[in-house]
Structures are given as C-alpha cells and as structure tokens.
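In what follows, chains carry the letters A, B, and so on, assigned in the order in which the sequence lines appear, proteins first and then strands, with residues in each chain numbered from 1.
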There are 2 protein chains.
Amino acid sequence: MPSDAPFPDEHNHAICMSQALGNAAKLCLQRGVRLTPLRLQVLELVWRSHKPLGAYTILENLQTAQGRRAAPPTVYRALDFLLAQGLIHRIASLNAFIGCLHPEATHVGQFLICEHCGNAIELDTPEITNCIMQRAEILGFVVKSQTIEISGRCAHCQARYAS
Amino acid sequence: MPSDAPFPDEHNHAICMSQALGNAAKLCLQRGVRLTPLRLQVLELVWRSHKPLGAYTILENLQTAQGRRAAPPTVYRALDFLLAQGLIHRIASLNAFIGCLHPEATHVGQFLICEHCGNAIELDTPEITNCIMQRAEILGFVVKSQTIEISGRCAHCQARYAS
DNA sequence: TTAAAAAAGTTATAATATAACATAATCAGT
DNA sequence: ACTGATTATGTTATATTATAACTTTTTTAA
C-alpha cells in the first residue's frame, strides 16, 4: 500500500497545508472577498492531501454546524468560489479538486497525476504553455484556458513499487 | 450564429468523414477486430462533425433495428471499443467524444476546442509532448497518458465574430 | 453442429452536477 | 442600531454522465 504521505519524506504536509490556508486567507482579504467558514472548511478538506478530492467525498467529510448533512449545492458553491479565486483547480480527468500551489497569480494548471498513490503534482512550466501557445498562434487559435493532465507513476511510487 | 461547417470552407467534410470511416474499417480488418454495425453507426455519428459529442446525444441519434430506443450501456460499450482501437478520443473537459485523425498509431490526443463553434481541432505536435515528457523525466515521473485540452476561439470564429 | 466466446439487450442504479426557490447572514448607508 | 440590498447558505428536486449485473443473441472455431 502506498504511504499516505503525499510527497517524499522531506515534505512536511502540516506546514504545506497551513501555508496554503494562510495564503488563501491573505489573498481573500486583499481581494475583498469572503473566505467564510464553509469555504474555509472545504479548502481545508481539499488541502488535507495532494490527492484530488471528489465533490461528494468533500460532502461526506463536511461538518455542518447543526450536524445536519449538507446538500450537494453547498459544496459545489464553495468549490465554485474557490475555483474563481484560483485557490483550487479542477482535475477534469478525475472529476476532482485539488489545492492550488500558486493562487496569487492566475495561471494554467498543469498536473502530473500518479495512478498508484493518487497524488497530483502541480507543474508551473512556462515551456509547456509557450509550446502550446505557439502552436495555437500558428493556427490562429486564441487560447482562453488549458487543461493539462498527465497520468502515470510518480518517482516515489516508481521506486517503491516496481510495476 | 456560427456556420455548421466544422472547419474553414476548403474543408469538405463528406470526404473527411468517408476517409475516416474507410480507414477505420481497414484498421479493424487488419487488427482482426469487428467494426459491427452498431459500432460503425456510433463512429459515423461521432464523425458527423468535428464537435465532440456526448454519449447521450449519440444515444438519441442511434437508430436501433427494432425502432426501440437503445440503453446507455449499448452506446458506452461501442464507445469503449472505439476508444480501445484509437478510433475516437474522449474529451475529459466536455465529457464528450470525437473522431481521431490518426488512428493508425497510438498517440496522445491534443485538442484546441473552440468555445464558440464547438469544434475541436486535433493537434499532433511532438514538441508539446516532448516538452511535457522532459519535465516529467526531471521529476522521475513516468508518463502513461496525457490529457491536453485547450479551450479558446478558433481562427474561423475569431475572424467572423469578434468577441 | 455445437460449445465457447463475443456482442448486444435490459434493468437498475451509481456518481457527478445543477436548477430553482427559501431562508439566513452580512454589508452599506442612514 | 435600523433597514433595505446584497451575498451566502439551506433545501428540494432533478439533470447529466456512467457503470454493474444479468440475459439474450450473434459469431466464431472446433
């Protein structure tokens, strides 16, 4: 079974997560938008690991104040907010959501997704974007958004669990 | 309203489509797999345009022999076959399917998807793949499959319908 | 010709996502 | 603080996409 540690051992996820949450709070303040308790809770759930999380998984783990179980729109609206603020990304190939590493700037999401441990590694590789933009430009295509999701096996799993 | 012509005027889609269908028949024969009437019908529906088509849209347009309406698994099984043979691609960001331009060789699907006319242009740009592979290799990530879907506005629509 | 395999039919249901409207909380201007 | 406007959340119902499980039909190969 793959370790639950999202990334190699040097990765301290508690720090990783608290930085992300702190950053999110700061950005929302700067932007004058409200990171309400519900939205924060969803963001925390998404940040619990580096594995993209489905909306219904989030729903199941949501603690509503009254102990009453939240309904889907509650989660989807929070996710919509977080997406709009660039605090999370949606992984189309998995119908799932993951915390964004660079929410301060709008950018395209590029992911390496390990089929074995489920972790998604966010890339920030301008070369890939440039290469795509170049090709698009030749064809006169104006790029608005990019979905780049690469599946395979991460170094961690490749080393530990030879296929 | 955007023209229904999938691509610029020089594109004769009747020829485009019949080539694709002929090629598909040839490949299936070579591979010893059966392009049954049902599978062919689904492939034809997918090839009617260059707009990715949802499974339920295909379902609605399926003519069953008895006039009885087909059920979802019928379509999904045909789609699974066509995907396995590389005759179509699935567009994850649209939950939809589109005919493959190069079914003779397994390859990654790269698409420019016009938000205006709905057409998806399949790229075959090794530079993009190489760029991604390079970056992945640096991280020790072994790539198994790639989802590359670029949304925006195609040259056709850009020229005719200034945003 | 007949058993095995493959394909298609059929029924039910799972998983993901949104529409529409009701209620509650927050904010801006007084 | 008060009040109307705005924003956020609750709630119910339903749309959309996809698959599981089992049956029947068709095709293949001995």
Side-chain angles (χ1 to χ4, degrees), chain A residues 24-25 28-29 31-46 51-85 87-98 118 147 149, chain B residues 24-25 28-29 31-46 51-85 87-98 118 147 149:
Chain A
C28 287
L29 199 61
R31 294 170 184 171
V33 296
R34 301 201 302 131
L35 188 58
T36 62
L38 176 66
R39 290 165 175 175
L40 177 58
Q41 208 190 332
V42 170
L43 188 61
E44 282 169 353
L45 287 170
V46 166
K51 306 184 203 309
L53 218 57
Y56 280 74
T57 304
I58 293 168
L59 193 54
E60 284 165 12
N61 289 283
L62 212 51
Q63 316 265 21
T64 54
Q66 291 77 13
R68 197 133 163 27
R69 176 78 167 286
T74 297
V75 162
Y76 280 102
R77 278 187 297 226
L79 289 170
D80 285 346
F81 169 85
L82 297 170
L83 284 169
Q85 295 303 320
L87 298 170
I88 61 172
H89 290 284
R90 182 170 190 276
I91 307 292
S93 58
L94 299 176
N95 297 326
F97 303 85
I98 189 169
T147 299
E149 297 168 9
Chain B
C28 287
L29 199 61
R31 295 172 184 168
V33 297
R34 302 201 303 131
L35 188 59
T36 62
L38 176 65
R39 291 165 174 174
L40 177 58
Q41 208 191 331
V42 170
L43 187 61
E44 282 169 354
L45 287 170
V46 166
K51 305 183 203 311
L53 219 56
Y56 280 74
T57 305
I58 293 168
L59 193 54
E60 283 166 13
N61 290 282
L62 259 188
Q63 317 264 21
T64 54
Q66 292 77 12
R68 196 132 163 30
R69 175 77 166 285
T74 297
V75 163
Y76 279 101
R77 278 188 295 229
L79 290 170
D80 285 345
F81 169 86
L82 297 171
L83 284 169
Q85 295 303 320
L87 297 170
I88 60 173
H89 289 285
R90 181 170 190 276
I91 307 292
S93 58
L94 299 175
N95 296 325
F97 303 85
I98 188 168
T147 300
E149 298 169 10

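In this entry the distance linking CD of A:Q41 with C1' of D:dG10 reads 15 Å, nearest Å. Per the geometry, CG belonging to A:L59 stands 14 Å off P belonging to C:dT18, to the nearest Å. The CZ-P distance, from A:R69 to D:dT9, rounds to 18 Å in whole Å. Taking atom CD of residue B:Q85 and atom C1' of nucleotide C:dA6, one finds them 14 Å apart after rounding to whole Å. Distance A:L82 CG to D:dA8 P: 12 Å, rounded to the nearest Å. With rounding to whole Å, A:L94 atom CG is found 16 Å from C:dA15 atom P. One atom, CG of B:L53, and another, C1' of D:dT16, lie 15 Å apart when rounded to the nearest Å. Note: CG (B:L79) to C1' (C:dA7) measures 15 Å, nearest angstrom.
Counting only heavy atoms from C-beta on, B:A71 has its side chain closest to C:dT10 among D:dT17, C:dT10, D:dT9. Listed nucleotides: C:dA19, C:dC21, C:dT10. Nearest to the side chain of A:P73: C:dA19. Distances from the side chain of A:R39 to the nucleotides C:dT26, D:dT9, D:dT17 place D:dT9 closest. Residue B:L38 places its side chain closer to C:dA8 than to any other of C:dA8, D:dT27, C:dT18. Here the nucleotide nearest the side chain of B:R90, chosen from D:dT11, C:dT10, D:dA18, is D:dA18.
Comparing A:R77 and A:P72 by the nucleotide of DNA chain D that holds the closest heavy atom to each, the one mapping nearer the 5' end is A:R77. Where B:N95 and B:R34 meet DNA chain C, the nucleotide closest to each residue was compared, and B:R34 sits on the side nearer the 5' end. In terms of position along DNA chain C, the nucleotide closest to B:V33 lies nearer the 5' end than the nucleotide closest to the other residue of the pair B:V33 and B:Y56.
Residue contacts for B:T74: at a heavy-atom cut-off of 4.0 Å it reaches a base atom on one of the strands shown.
Within the 3.5 Å criterion, the main-chain N or O of B:A92 finds a donor-acceptor partner in the side chain of B:E149. Counting only distance, with no hydrogens or angles, the side chain of B:R90 and the backbone of B:L83 share no donor-acceptor pair below 3.5 Å.
Counting heavy atoms from C-beta outward, B:I58 and B:L79 have side chains that approach closer than 4.5 Å. Between A:V75 and A:L38, the closest side-chain pair of non-hydrogen atoms is not below 4.5 Å. The shortest side-chain heavy-atom distance between B:E60 and B:R69 falls under the 4.5 Å cut-off.
At C:dA8, one or more side-chain N or O atoms of B:T36 fall inside 4.0 Å of OP1 or OP2 (strictly under the cut-off). Between B:Y76 and D:dA18 there is a side-chain N or O to OP1 or OP2 distance below 4.0 Å.
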